[in-house]
Amino acid sequence: MAKDFPTRAENYSQWYNDLVIKADLAENSAVRGCMVIKPYGYAIWEKVQAALDKMFKDTGHVNAYFPIFIPKSFFSKEASHVEGFAKECAVVTHYRLKNSPDGKGIIVDEEAKLEEELIVRPTSETIIWDTYKNWIQSYRDLPILINQWANVVRWEMRTRLFLRTAEFLWQEGHTAHATRPEAVKEAETMLHIYADFAENWMAMPVLKGVKSPAERFAGAVETYAIEALMQDGKALQAGTSHFLGQNFAKAFDVKFLSRENQLEYVWATSWGVSTRLMGALIMSHSDDNGLVLPPKLAPIQVVIVPVFKTPEQLALISETVVPIKKALESKGVSVKFDDRDTHKPGWKFAEYEFKGVPVRLTVGPRDIEQGTIEVARRDTLEKETLQIKDIENKIVHLLDAIQSNLYQRALSFRENNTFRVDSWEEFKIVLDTTGGFISAHWDGTSETEERIKEETKATIRVIPLNNMPEEGRCVYSGKPSTQRVIFARAY
RNA sequence: CGGGGUAUAGCGCAGCUGGUUAGCGCGCCUGCUUUGGGAGCAGGAGGUCGCAGGUUCGAAUCCUGCUACCCCGACCA
């Protein structure tokens, strides 16, 4: 048990906060609401980026970069978009500072006021569509399949490391298409890529679906989302993909001549995942002993801890261990051999366990004598002593086993915490006891959704894709319903 | 932006009904013994007590103003 670390049962929220800090992932900065992502946390993010970036490129997308500043006037061009973001924008109004007349410090030079204020991007649809206008004249210019990796700013009232910060890192894809079906298909393709990444890299099962109109992205015709269930029974929106229709094309006047020589508006999508995925990753697998990382995203997959008293012993151990390290690395496994003599083995065990390193190998004098090695896995905390022979292949298989065990564990947690509910009483009981996903009938109106939110803080997380039609009565209003939707309290 | 709270060593805190030299735990440094689950002992370094002003012989302690942060709401990827 890690010292000075709360259990999940004691206080889930504090457990999360402490974990992020003590596992050295991130910390609060001098700027309110903005985090410093520390090297270990950033290394995980880089793995996330690398995997996603490859998936995007494999599906024909290319990267580009657009400005961090957006002229204020751009924002007002799409009505629902501005309404959605206006309340959380950082605005640049001046471009120069000067020495304060009273000699104390430095002040804004009022003479250096911008003609037009600049918004620090909360998302880039507007600047990008203003740009696409110049790039698109013909159906031959389409599709445009661009992604950018960037930082964005949303001036949130209350922030939490990774889950909600005023500045965050993300990728945003912005595509332009000649036809509606092609754009819809793009939005769905990207949703499936996100789900694939969540499940196969993060080992995090997700529900795929569309958002209700009330939860839809500002400016979208349809918002697709992947939704994951955290260990405390709350839902987390892990990624969104939007079919934007022709809303932005109309707002920015982006038209093209079709094959039929018709002037038409362009169809659009946008899609994104953010550093919030880090929060999802942490809350999906970690335990009361600290972080638990799926091998595919762990910066260090295997750590080797030598047990030694003298430099001679360490040299002897190194002779055994260094070839193992090289053999593993040649199989694409990242290995750290921690031969520091400034920390004791017990300290290192605790340290790497807390940081979620999937596999730990321990080699000491006993092992050298007997040709063995101790293998400890982080997910189950099991230890066993194995013969060194063929250890590389055993480790590679173990990493795969850990990856799939984490997924299975998270999947059964979700299954055990998903409830089919048919009465309002039961609906409230589930929320007040276990939490989790609630599959219930909904009459399809925003009024009912709003009432449920007011009374229980639960919202519709997704209307699942490929939902089976089912006659029923709305769990709240009792009105006829044609399908079940997923409710939960959410982050 | 409403309601509550806090500010003292790198971190977490005590001291605060005015009174010596501001203390404790963790961490850090040195030495010796240790090293297979966060070692022990000894010694040591580290502070404009958030900022500005006031009361007083004397202020971390009392008063006023400011600032920052935290918690609970409203808002949210």
Side-chain angles (χ1 to χ4, degrees), chain A residues 1-5 11 13-14 17-18 21-22 27-33 83-89 104-105 122-123 151-160 162-172 194 211 214-218 220 223 225-228 235-242 270-280 289-290 304-311 313-314 317 338-355 360-370 372-376 381 383 385 453-454 457 459 461 490-491:
Chain A
M1 173 64 70
K3 59 181 177 184
D4 303 327
F5 185 60
N11 186 339
S13 171
Q14 200 189 343
N17 291 335
D18 284 14
I21 302 287
K22 290 181 176 164
E27 62 186 31
N28 283 306
S29 71
V31 184
R32 196 201 75 95
E83 195 188 325
F85 286 103
K87 284 180 285 186
E88 51 186 36
C89 285
K104 290 183 201 164
T123 180
N151 58 340
V152 288
V153 169
R154 297 182 188 174
W155 214 258
E156 300 289 352
M157 293 296 185
R158 296 190 59 195
T159 59
R160 289 187 76 191
F162 290 123
L163 295 174
R164 178 166 292 106
T165 47
E167 179 195 20
F168 55 94
L169 306 185
W170 76 346
Q171 57 71 215
E172 46 181 327
Y194 287 153
K211 289 290 183 180
E215 297 280 326
R216 205 173 273 158
F217 176 74
T223 288
I226 54 169
E227 202 78 17
L236 185 83
Q237 180 174 304
T240 49
S241 179
H242 313 291
S270 68
W271 28 273
V273 296
S274 70
T275 35
R276 184 178 235 207
L277 287 179
M278 297 284 294
N289 297 300
I304 304 175
V305 177
V307 180
F308 62 97
K309 291 181 180 157
T310 64
Q313 278 182 331
L314 176 59
I317 291 167
D338 188 351
D339 61 353
R340 289 178 295 173
D341 61 1
T342 50
H343 295 279
K344 295 172 50 181
W347 188 92
K348 292 176 186 172
F349 295 164
E351 174 75 3
Y352 293 110
E353 186 169 294
F354 200 85
K355 289 192 163 184
R360 186 190 72 232
L361 303 178
T362 306
V363 180
R366 286 199 315 248
D367 300 295
I368 296 297
E369 276 176 29
Q370 296 162 16
T372 58
I373 190 164
E374 184 189 81
V375 180
L381 297 172
K383 290 191 285 195
T385 301
K453 185 178 178 182
E454 278 171 19
K457 290 186 178 170
T459 50
R461 301 320 303 161
Y491 275 95

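All chains are named by letter (A, B, ...) in the order of the sequence lines, taking the proteins before the strands, and each is independently numbered beginning at 1.
B:rA9 and B:rG47 have their P atoms separated by 10 Å, given to the nearest Å. Nucleotides B:rU56 and B:rC11 are separated by 36 Å at their P atoms, to the nearest Å. For the P atom pair drawn from B:rG27 and B:rC41, the interatomic distance equals 12 Å after rounding to whole Å. Here, B:rC1 and B:rC75 have their C1' atoms 11 Å apart, quoted to the whole Å. B:rC16 sits 14 Å from B:rG23 when the C1' atoms are compared, rounded to a whole Å. The gap from the P atom of B:rU30 to that of B:rA45 amounts to 15 Å, rounded to the nearest Å. Distance check on atom C1': B:rU6 versus B:rG50 gives 11 Å, rounded to whole Å. Spacing of C1' atoms, B:rG18 relative to B:rC62, comes out at 7 Å, to the nearest Å.
If you find the closest nucleotide of RNA chain B to A:Thr165 and to A:Phe308, the one lying nearer the 5' end belongs to A:Phe308. Across the interface with RNA chain B, nearest-nucleotide mapping of A:Lys453 and A:Gly346 shows A:Gly346 to be the residue nearer the 5′ end.
Counting non-hydrogen atoms of other residues, nucleotides and ligands closer than 6.0 Å to CD of A:Gln370 gives a total above 12. Within a 6.0 Å sphere centred on CH2 of A:Trp347, heavy atoms belonging to other residues, nucleotides or ligands number more than 12.
Using a 4.0 Å heavy-atom distance criterion, A:Thr159 is classed as making no nucleic acid contact. Within the nucleic acid shown, A:Phe168 comes within 4.0 Å of at least one base atom, counting heavy atoms only. Using a 4.0 Å heavy-atom cutoff across all strands shown, A:Asp341 reaches no nucleic acid atom at all. Here A:Glu156 lies in heavy-atom contact (under 4.0 Å) with a base. Using a 4.0 Å heavy-atom distance criterion, A:Leu163 is classed as a base contact. A:Arg160 comes within 4.0 angstrom of nothing in the nucleic acid, heavy atoms only. Heavy atoms of A:Lys383 sit under 4.0 angstrom from at least one base atom.
Here the side chain of A:Pro365 is nearest to one of B:rG36, B:rA77, B:rG37, namely B:rG36. Out of B:rG37, B:rC76, B:rA77, the shortest distance to the side chain of A:Arg164 is found at B:rC76. Set against B:rG36, B:rA77, B:rG38, the side chain of A:Pro345 has B:rG36 as its closest nucleotide. For A:Trp347, the side-chain atoms get nearest to B:rG38 when compared with the rest of B:rG38, B:rA77, B:rC76. When the nucleotides B:rA77, B:rA39, B:rG38 are ranked by their closest atom to the side chain of A:Lys344, B:rA39 comes out on top. Comparing B:rG38, B:rG73, B:rU35 by their closest approach to the side chain of A:Lys457 singles out B:rG73.
When Watson-Crick and G-U wobble pairs are counted only if both distances are under 3.5 Å, B:rA39 pairs with B:rU33. As the counterpart of B:rU21, no nucleotide is assigned, since no Watson-Crick or G-U wobble pattern has both distances under 3.5 Å. In a base pair of the Watson-Crick type (N1 to N3 plus N6-O4 or O6-N4) or a G-U wobble (N1-O2 and O6-N3), with each distance short of 3.5 Å, B:rA68 is matched with B:rU6. In this structure, B:rC1 and B:rG73 make a Watson-Crick or G-U wobble pair, each of the two defining distances being under 3.5 angstrom. A 3.5 Å limit on both hydrogen-bonding distances identifies no Watson-Crick or G-U partner for B:rC49. As the counterpart of B:rC28, B:rG44 is assigned, both hydrogen-bonding distances of the Watson-Crick or G-U wobble pattern falling under 3.5 Å.
Between A:Glu88 atom CD and B:rA74 atom P the separation is 16 Å, expressed in whole Å. Residue A:Ile368 contributes atom CD1, which lies 13 Å from atom C1' of B:rG36 at whole-angstrom precision. Between the CZ atom of A:Arg276 and the C1' atom of B:rC76 there is a distance of 8 Å, rounded to whole Å. Counting to the nearest Å, the P atom of B:rA77 and the CD atom of A:Gln237 are 6 Å from each other. Spacing between atom CG of A:Asp339 and atom C1' of B:rG36 amounts to 17 Å, rounded to whole angstrom units. Taking atom CD1 of A:Ile226 as the reference point, atom C1' of B:rA77 lies 12 Å away to the nearest angstrom. Taking atom CD of A:Glu27 as the reference point, atom P of B:rC69 lies 16 Å away to the nearest angstrom. For the pair A:Arg216 CZ and B:rA77 C1', the interatomic distance rounds to 17 Å; values are reported in whole Å.
Note that CD1 of A:Ile304 is 5.0 Å distant from CG of A:Leu361, once rounded to the nearest 0.5 Å. Taking OG1 from A:Thr342 and NZ from A:Lys348, the interatomic distance works out to 7.0 Å, rounded to the nearest 0.5 Å.
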I would like to know whether A:Thr123 and A:Arg154 meet side chain to side chain contact (heavy atoms under 4.5 Å, CB included); could you show each step before the answer? CA-CA 9 Å; A:Thr123 180; A:Arg154 297 182 188 174; 3.7 Å; yes
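The backbone N or O of A:Arg461 sits nowhere less than 3.5 Å from a side-chain atom of A:Gln237 that would complete a donor-acceptor pair.
A salt bridge does not link A:Lys344 to A:Glu351: none of the charged side-chain nitrogens sits closer than 4.0 Å to a carboxylate oxygen.
Between A:Lys87 and B:rC75 there is no side-chain polar atom (N or O) within less than 4.0 angstrom of OP1 or OP2.
The aromatic rings of A:His242 and A:Phe217 lie parallel to each other, with less than 30° between the two planes, well short of the 60° mark.
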